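Worth knowing before you read on, the calculation uses all heavy atoms, side chains too, and leaves out hydrogens, waters and symmetry mates. Along the sequence shown, residues are numbered consecutively beginning with 1. What you see is a predicted model; the values in this text were computed from it and never measured.
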Amino acid sequence: MSENAEQLDLEDEMISKVADYLAGALPPAEKDEIAKKIASDDKWKTTHDEMVAAEEERKHISGMRKAKPPETFVEDVTSTIHKRSAGRFFGRKTLGDRVPFGVLLIVALVALGIVGYLMWSSPTGSLKVDKKSAPAEQPSIHIRP
């Protein structure tokens, strides 16, 4: 192995041992050995101090309450973007954007029904079959001798 790989393995082992030491997961003999290394070796002490500081920061951060956005947050952001962009990001809203599709479909079906009824009920309506104006059968033509 190269020298860098060995050094990384030693650092990983050191970090692992210090983490176990802080968590209290080491047997007593090994715990005493790690405590002596932390007291005597600068690298071990630095690693220990950094891990303790990181744990304290994590506790402070986890103790903070999450801030909830106000109820009108989305509308406020949208209106701010609309004002600042002068409408470039928001085109004019069409009828389809303002009225739901289901409502448009129902209005269209009702309108088709009304037009169909008017065409069927009118005296000259194209949907009604008039039996009087249907072509009558032609009498058969026989030639007499």
Side-chain angles (χ1 to χ4, degrees), residues 1-140:
M1 278 185 153
S2 70
E3 194 174 308
N4 276 344
E6 288 178 16
Q7 186 177 3
L8 289 176
D9 287 343
L10 290 174
E11 287 178 10
D12 288 344
E13 183 180 342
M14 180 174 51
I15 291 171
S16 172
K17 294 288 184 181
V18 172
D20 290 343
Y21 173 78
L22 291 174
L26 295 175
E30 198 172 348
K31 186 176 181 182
D32 292 339
E33 179 185 335
I34 299 299
K36 288 177 186 175
K37 285 184 180 181
I38 291 172
S40 64
D41 191 353
D42 287 338
K43 283 186 179 181
W44 284 82
K45 178 152 181 55
T46 303
T47 303
H48 175 266
D49 293 343
E50 287 175 356
M51 292 182 97
V52 168
E55 181 63 24
E56 287 178 13
E57 286 181 28
R58 187 191 65 78
K59 285 180 182 177
H60 288 303
I61 291 173
S62 67
M64 297 171 73
R65 293 187 319 172
K66 292 184 179 179
K68 292 185 180 181
E71 295 291 325
T72 60
F73 181 73
V74 173
E75 292 83 15
D76 294 343
V77 170
T78 304
S79 67
T80 301
I81 292 172
H82 195 318
K83 288 175 190 172
R84 291 183 181 175
S85 69
R88 287 185 298 256
F89 296 116
F90 300 94
R92 288 183 47 209
K93 289 191 175 188
T94 62
L95 179 65
D97 292 335
R98 289 180 269 159
V99 180
F101 178 74
V103 173
L104 291 176
L105 180 66
I106 291 171
V107 168
L109 289 175
V110 168
L112 282 174
I114 291 171
V115 169
Y117 176 75
L118 289 175
M119 288 178 69
W120 181 79
S121 66
S122 72
T124 59
S126 61
L127 295 179
K128 190 188 301 184
V129 177
D130 191 11
K131 295 181 181 179
K132 293 180 184 176
S133 65
E137 284 188 34
Q138 295 288 334
S140 63

Problem - Value rounded to 0.5 Å, distance of OG1 in Thr78 from CZ in Phe73 - result: 9.5 Å
Handout entry: Salt bridge present between Glu55 and Arg58 (N-O < 4.0 angstrom)
Key = yes
Problem - Rounded distance (nearest 0.5 Å) linking atom CG of Leu105 with atom CG of Leu109 - result: 4.5 Å
Handout entry: Closest contact, heavy atoms only, Lys17 versus Ile34
Key = CB-CD1, 3.8 Å
Exercise for the section: State, to 0.1 Å, how close Glu71 and Glu75 come at their nearest heavy-atom pair, and which atoms those are. Expected result: O-OE1, 3.8 Å
Exercise for the section: Please report the closest heavy-atom contact between His48 and Val18, naming both atoms and the distance. Expected result: CA-CG1, 3.7 Å
Problem - SB check Lys36 Asp32 (cutoff 4.0 Å) - result: no
Handout entry: From OG1 (Thr46) to CD1 (Ile38), nearest 0.5 Å
Key = 11.0 Å
